[in-house]
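One structure below.
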Amino acid sequence: MQLYYTDHFELPLPATHRFPMDKYRRLRRHVATSDAHRDDVLLVPPAATDDQLLRCHDRDYIDRVTTGTLSPQEIRRIGFPWSPKMVQRSRRSTGATIAASRSALIDGIAANLAGGTHHAFSDAGEGYCVFNDAAVAIRTLQAESRIRRGCVIDLDVHQGNGTASILAGDPSAITMSMHGAKNFPLRKVPSDLDIPLADGTDDDTYLEKLFLALATLDRWRTDGEFDLVIYLAGADPYVGDRLGRMCLSKSGLIERDRTVLQWCVDRSIPVAIAMSGGYAADIDEIVAIHAGTLKIASEFSRMAG
């Protein structure tokens, strides 16, 4: 399985910043030393180009991000201080999902060790998201005639408002989001399929809702097969997450990942995975959840191979 990493393109943050940026470096080091990934390949992706970003983002917004002329309000909405390194990091993270998507079309499964920036809109960033990697990847592969129809399965605890907005009204790009009903963002943008969940949702309830959601996607496949799934495997539905407000255990999250990947494999749908959110107080817990996702993906990849 090909795994794309970008943690060495550092985004400098103040020591008091609550985003756990170090999780990416720790995750890559875990993968590099884990027997579970002895047959997998760690790769550095190219940065997303302007032409690729323009398939989903406004030229003026890209230019203002690149030149550092975002307004203070726009920077606060993103949540990261602007710097040239922030721009490079955002382009590389988006490029990693594009690269993982291309690899998935060949190998069946691939992953970005970051990504899942689903709050980025065409003309604005939000919630630690600058460019929308899943939307850009789908549009890029469609433009290259590699896929006709893509699907985003977003299981981050926060609704994928930016993805829903960018891909709205297009049956060639289906969006599904399963998220906390009362959690961020306050204003939800309707996905093709939204599954809002109550605070405190546990493993059993979550998995039941997931099975029903995937059954709905099965019915929609009669309108045209999915040539690619991009799976946002957020760590933030975890019971120990500071921002998640749900009660999933680590074993419940493993079952979630296995369910999604089995669904894709059984239908011969290539799947590219992005890590998305995770905000547990102990960064090692976030890394353990992401590592669990990647371990399962690697198992499926070896079976397919």
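Keep in mind that what you see is a predicted model, and the values were worked out from it rather than measured.
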Q. Counting N and O atoms only, with roles assigned by atom type, does the side chain of Gln142 sit under 3.5 Å from a partner on the main chain of Ser172, one being a donor and the other an acceptor?
A. yes
(Q) Are Ile147 and Leu217 connected into the same hydrophobic cluster when the rule is that any two of I, L, V, M, F, W, Y join if their side-chain heavy atoms are below 4.5 Å apart? (A) no
Q | Salt bridge present between Asp284 and Arg26 (N-O < 4.0 angstrom) | A | yes
Q: Give a yes or no on whether the backbone of Ala233 and the side-chain of Asp257 come within a donor-acceptor separation of less than 3.5 Å.
A: no
Q) In terms of the angle between their ring planes, are Tyr279 and Tyr128 parallel, tilted or perpendicular, with boundaries placed at 30° and 60°? A) tilted
(Q) Treating His57 as the side-chain partner and Phe121 as the backbone partner, does any N or O pair qualify as donor plus acceptor under 3.5 Å? (A) yes
Q) Taking a hydrophobic cluster as the set of Ile, Leu, Val, Met, Phe, Trp and Tyr residues connected by side-chain heavy atoms closer than 4.5 Å, whether directly or through intermediates, do Met86 and Tyr24 fall within one such cluster? A) yes
(Q) Given 3.5 Å as the limit, does a donor-acceptor pair link the side chain of Asp194 with the main chain of Ser191, or not? (A) yes
Q: List the atom of Ile174, the atom of Pro171, and the distance in Å for their closest heavy-atom pair.
A: CD1-O, 3.8 Å
Q. Does Asp218 pair with Arg221 as a salt bridge, N-O distance under 4.0 Å?
A. yes
Q) Is any side-chain heavy atom of Leu113 less than 4.5 Å from a side-chain heavy atom of Leu42? A) yes
Q. Is the closest side-chain donor-acceptor distance between His179 and Asp156 under 3.5 Å?
A. no
Q: Specify the closest pair of heavy atoms between Arg77 and Ala124, including all atoms of both residues, with the distance to one decimal.
A: NH1-CB, 3.4 Å
Q. Are the side chain of Asn112 and the backbone N or O of Ala96 linked by a donor-acceptor pair below 3.5 Å?
A. no
Q) Side chains of Leu212 and Ile195: closer than 4.5 Å at any heavy-atom pair? A) no
**Q.** Residue pair Asp51 / Thr49, side-chain donor-acceptor N/O under 3.5 Å
**A.** no
Q.
Give me the atom names and distance for the closest heavy-atom approach of Asp192 to Ala173.
A. OD2-O, 3.5 Å
Q: Return the minimal non-hydrogen interatomic distance between Ser298 and Asp40, and the atom names on each side.
A: OG-OD2, 2.7 Å
(Q) Minimum heavy-atom separation for Val265 and Ile109, please, with both atom names. (A) CG2-CD1, 4.3 Å
Q: Pick out which of Leu53, Val130, Thr140 makes a side chain to side chain contact (heavy atoms under 4.5 Å, CB included) with Thr94.
A: Leu53
Q.
Is the shortest side-chain heavy-atom distance between Leu155 and Tyr231 below 4.5 Å?
A. yes
Q. Are Arg25 and Glu10 within salt-bridge range, i.e. N to O under 4.0 Å?
A. no
Q: Please check if the side chain of Asp133 supplies one atom and the backbone of Gly116 the other of a donor-acceptor pair under 3.5 Å.
A: yes
Q) Which is it for Arg38 and Asp35 under the salt bridge (charged side-chain N to carboxylate O under 4.0 Å, His left out) test, yes or no, and what are the steps along the way? A) CA-CA 5 Å; Arg38 62 186 178 275; Asp35 286 343; 5.7 Å; no
(Q) Quick one: does any side-chain atom of Arg267 pair with a main-chain N or O of Trp263 as donor and acceptor, under 3.5 Å? (A) yes
Q) Does the ring center of Phe80 lie less than 6.0 Å from the ring center of His17? A) yes
Q) Do Val152 and Leu232 touch side chain to side chain, with heavy atoms closer than 4.5 Å? A) yes
Q | side-chain hydrogen bond (donor to acceptor under 3.5 Å, both in side chains) partners of residues 83-93, not counting sequence neighbours, each pair once | A | Thr6-Arg89, Asp50-Arg91, Thr66-Arg91
Q.
So does Gly244 get a backbone contact from the side chain of Asn183, meaning a donor-acceptor N/O pair under 3.5 Å?
A. yes
Q) Parallel under 30°, tilted from 30 to 60°, perpendicular over 60°: which one fits the rings of His37 and His30? A) perpendicular
Q.
Whether the Tyr4 and Ser103 side chains hold a donor-acceptor pair (N or O, under 3.5 Å, no angle test) is what I'd like checked.
A. yes
Q: State whether the side chain of Asp227 and the backbone N or O of Arg148 hold a donor-acceptor pair below 3.5 Å, judged by distance alone.
A: yes
Q. Between Arg149 (side chain) and Gly224 (backbone), is there a donor-acceptor pair under 3.5 Å?
A. yes
Q | Shortest non-hydrogen contact between Asp241 and Leu243, atoms and distance | A | OD1-N, 2.8 Å
